[in-house]
Amino acid sequence: MRYVRRLMIAGLAVAVMFAIGCSADEPTPVPPTATSVPEPTATQVPTKAPEVQRTSSGVAPTATAIAAATSTAVAEATASAGEQATVVAEETATAASQAVEDVDDREFDARRGGVFRLLGSDPVTFDPALTTDSTSYDITLQLFSGLTRLTDDPNNPIVTDLAESFTVSSDGTVYRFVLREGLVFSDGSPLTAFDFKWSWERAALPETGSPIVKEFLGDIVGINDIVEGNATSAEGITVIDDLTLEVKIDSPKPYFIAKLTYPVTFVVNRDNVESGGETWTEAPIGSGPFVLKSYEIGVSMVLARNDNYWDTPAFLDEVHFILAGGSAMAMYENEEIHVTGIPSASYERVTDPNEQLSQEVVDVPAEFVTYYIGFNVEQAPFDDVHFRRALNYAVDKELIAEAVLNNRAKPAYGPIPPGFVGFNPDLEGLRFNAERAQEELAMSKYADPESLPRIVFTTPGTGGSPPTYLLAVADMWARTLGVEVEFQEVEWATFLQEIDNYRLQVFSLAWSPDYPDPHTFVDVLFRSDSSINQTQYSNAEVDALLDEATTEPDPARRVQLYQQAEQIIVNDAVWVPMWWGTEGKILVNRRVNGFRISPLGSYYLKDVWIEKQIDF
């Protein structure tokens, strides 16, 4: 689960991210997209995409292609007639062979060395088990690793990471993972299958407080017993030996392997966690390509290369995140940072072919993200479906996109974004219709203005005023329906806590998928018993469709089930879907190579390298 608040790579928000947030005045950083829709600003971050190419034709793989390839990979891994098929990712094997190249060659690699600088924001946590927002997610990916990982290759969307291979039983319920030999944590201590079992069970313990462990590890037999406080170990996790981990899930799940790419499933160092207590993340020992060298809240964060990383070590010596804010564009032009989004006020100048800076403009494909306004359906007045529909019909997104966002946003009408597996081009959204809005309001129990309770609209941020597009939405509600709202801003970490505890009436967020499957949009956000259902929405018909989709082996039938559920959800007006990610442009310093952003939301730093500057 990722509440979208990009690590703010200096406003490196794709399309809507910097379209909504980079105003002519270049406001100070505001929490970005991932599941929270604060107005992206000059200090917002990108979404996931393929390696950045300095051409206009770089196209990222669609989630449909990724999901198709994923299904094929898992299907091939599933044995028939009691046989087991071993899946060994060719890409991982190639990386492993590169990792054993002579150390001396690495030391003299011309790409090695240098410091990559970004404008960032403070992560909520460094603990993989507690990671729910995209800022923390992006940092966690640099510090920790899991059995599998996502890539930006449509032919190999999910590859093994710390696992060398895995097999699946014929009934699709037993997975056996074989770890790579010689794995160690960043401090050089051994990393074994026992560490994975401990990490997963630790994530499920009530005292750990993970809000998402049930969604990602709850398929494993026994995990939910730990979450509920009835056990401390999961019978579905068996360590065969130091290199072999066997996992039993409750039923065949087409997306189980994809779930193992999310941080809550990553391995942590037991001695580090137990000896560090509540402050263990101040000096985390991980297994990712980088280690945390220093962190001062609101000032800076420094990551250093992990020379004990199992794969080819990162080229960069360090990555510096500037957390104190500032004008991203000015910082970029002064070479204080290496990457930034392009503010509206600078867009025409920066993209002018006659400008030298235009040579550093890079096309970024659309991120699979959906910005929305969420309603807590258990709190008045949002407990009335007619009132919620009225608010939906009263919003003219096309007008806001044109007049407020300069056509740099794509109006959304449902949870699943275009290009993502399961997207329904025939979905019937609640499009702007003032007359329908008034009719729905008249049918609600809040038709009488005197019966309408106070409405507080909460957004993440500390800038003092909500994003311009939300002010436009509030104005439309007032003009069309006579419904007035009060805005309040809440600091990001507190905002997430309030969301998790269902304390907010109405809020703005954005959601970025965790893996290439419609389950990550429709099921985890709207199933009645989902721990990530922030709106408290419950519909028995939707639950039945989702239950059927969970174990449906036919990909086409699964998509159909998710689309049926999505249409009901849209009709129930649980959200006001606002924007989908669109293609965009960012600036990447001419000396930077290998910087990649993926449509699923992550950026990759391990392979970034900086050309040495030669002074004459």
Side-chain angles (χ1 to χ4, degrees), residues 1 74 77-79 82-87 127-130 144-148 160-179 183 190-271 273-274 287 514-515 519 523-524 527 529-532 547 550-551 553:
M1 122 190 212
V74 174
T78 305
E83 297 179 340
Q84 291 187 323
T86 302
V87 176
D127 187 341
L130 303 180
F144 298 91
S145 299
L147 294 173
T148 61
T160 54
D161 194 359
L162 296 182
E164 184 173 60
S165 64
F166 70 88
T167 59
V168 187
S169 63
S170 58
D171 65 356
T173 63
V174 179
Y175 290 72
R176 178 170 287 202
F177 298 90
V178 177
L179 303 187
L183 291 175
L191 191 164
T192 71
F194 290 95
D195 293 301
F196 270 99
K197 177 177 172 63
W198 185 85
S199 297
W200 290 2
E201 291 173 345
R202 175 253 173 190
L205 290 171
E207 52 264 38
T208 299
S210 173
I212 55 173
V213 66
K214 289 185 69 172
E215 290 303 322
F216 288 90
L217 292 174
D219 300 323
I220 300 173
V221 175
I223 283 291
N224 289 333
D225 290 332
I226 301 177
V227 174
E228 294 163 5
N230 299 321
T232 56
S233 64
E235 60 181 287
I237 306 175
T238 303
V239 176
I240 306 300
D241 55 43
D242 282 356
L243 297 179
T244 312
L245 183 73
E246 188 171 274
V247 180
K248 180 174 178 58
I249 59 177
D250 53 19
S251 60
K253 304 288 175 65
Y255 46 80
F256 178 69
I257 282 294
K259 281 186 173 184
L260 298 186
T261 63
Y262 195 77
V264 72
T265 73
F266 289 179
V267 64
V268 295
N269 183 291
R270 181 173 185 172
D271 289 341
V273 175
E274 292 184 337
S287 53
D514 303 308
Y515 44 90
H519 181 277
D523 187 292
V524 301
R527 193 181 70 249
D529 63 352
S530 170
S531 62
I532 310 175
D547 286 343
T550 295
T551 56

**Message:** Using side-chain heavy atoms (C-beta onward) and a distance below 4.5 Å, is Asp161 in contact with Leu147?
**Reply:** no
**Asked** Can you tell if the side chain of Pro206 reaches within under 4.5 Å of the side chain of Val227, non-hydrogen atoms only?
**Response** no
**Item:** Shortest non-hydrogen contact between Ala129 and Ser210, atoms and distance
**Value:** O-OG, 2.6 Å
**Prompt:** About how many Å separate CG of Asp514 and CD1 of Ile532, when rounded to the nearest 0.5 Å?
**Reply:** 7.0 Å
**Prompt:** Donor-acceptor pair, Ser287 side chain versus Ser145 backbone, under 3.5 Å?
**Reply:** yes
**Item:** Heavy-atom side-chain contact between Trp198 and Val267 under 4.5 Å
**Value:** no
**Request:** Check whether any side-chain heavy atom of Tyr515 sits under 4.5 Å from a side-chain heavy atom of Leu260, and report yes or no.
**Result:** no
**Asked** About how many Å separate OG of Ser251 and CG of Asp219, when rounded to the nearest 0.5 Å?
**Response** 7.0 Å
**Complete:** Nearest heavy-atom approach of Pro263 to Pro128 is O-CB, 3.0 Å
**Prompt:** Parallel, tilted or perpendicular: which fits the ring planes of Phe166 and Phe177, with parallel below 30° and perpendicular above 60°?
**Reply:** tilted
**Prompt:** Arg176 versus Thr244: any side-chain heavy-atom pair under 4.5 Å?
**Reply:** yes
**Prompt:** Looking at side-chain heavy atoms only, is the closest gap between Trp200 and Leu245 below 4.5 Å?
**Reply:** yes
**Request:** Spell out, as yes or no, whether a donor-acceptor pair under 3.5 Å connects the side chain of Lys197 to the backbone of Ile237.
**Result:** yes
**Item:** Contact summary for Leu191 and Phe196, nearest pair of heavy atoms
**Value:** CD2-CE1, 4.1 Å
**Message:** As an exercise, state the distance from CD1 of Ile212 to CG of Leu130, rounded to the nearest 0.5 Å.
**Reply:** 8.0 Å
**Message:** With rounding to the nearest 0.5 angstrom, report the OG1 to CG distance, Thr192 to Leu183.
**Reply:** 9.5 Å
**Prompt:** Any idea how Tyr175 and Phe256 line up, ring-wise: parallel (<30°), tilted (30 to 60°), or perpendicular (>60°)?
**Reply:** tilted
**Prompt:** For the residue pair Gly172 and Val168, what are the closest heavy atoms and their distance?
**Reply:** CA-CG1, 3.9 Å
**Request:** Apply the test side chain to side chain contact (heavy atoms under 4.5 Å, CB included) to residues Thr550 and Tyr255: give CA-CA distance (whole Å), side-chain angles for both, the deciding distance (0.1 Å), then the verdict.
**Result:** CA-CA 9 Å; Thr550 295; Tyr255 46 80; 3.0 Å; yes
**Message:** Could you check whether any side-chain heavy atom of His519 comes within less than 4.5 Å of a side-chain heavy atom of Lys253, counting everything from C-beta outward?
**Reply:** no
**Asked** Okay, side chain of Ser165, backbone of Val178: is any donor-acceptor separation there less than 3.5 Å?
**Response** no
**Prompt:** Are any non-hydrogen side-chain atoms of Glu201 and Ile226 less than 4.5 angstrom apart?
**Reply:** yes
**Message:** We want to know whether Glu215 and Ser530 form a side-chain donor-acceptor pair, criterion being a heavy-atom distance below 3.5 angstrom.
**Reply:** yes
**Item:** From NZ (Lys214) to CG (Asp529), nearest 0.5 Å
**Value:** 7.0 Å
**Request:** To the nearest 0.5 Å, tell me how far Ile223 CD1 sits from Ile249 CD1.
**Result:** 12.5 Å
**Asked** Which pair of non-hydrogen atoms, one from Phe266 and one from Ser199, has the smallest distance, and what is that distance?
**Response** O-CB, 3.9 Å
**Message:** Donor-acceptor pair, distance only, cut-off 3.5 Å: does the side chain of Thr208 make one with the backbone of Arg202?
**Reply:** yes
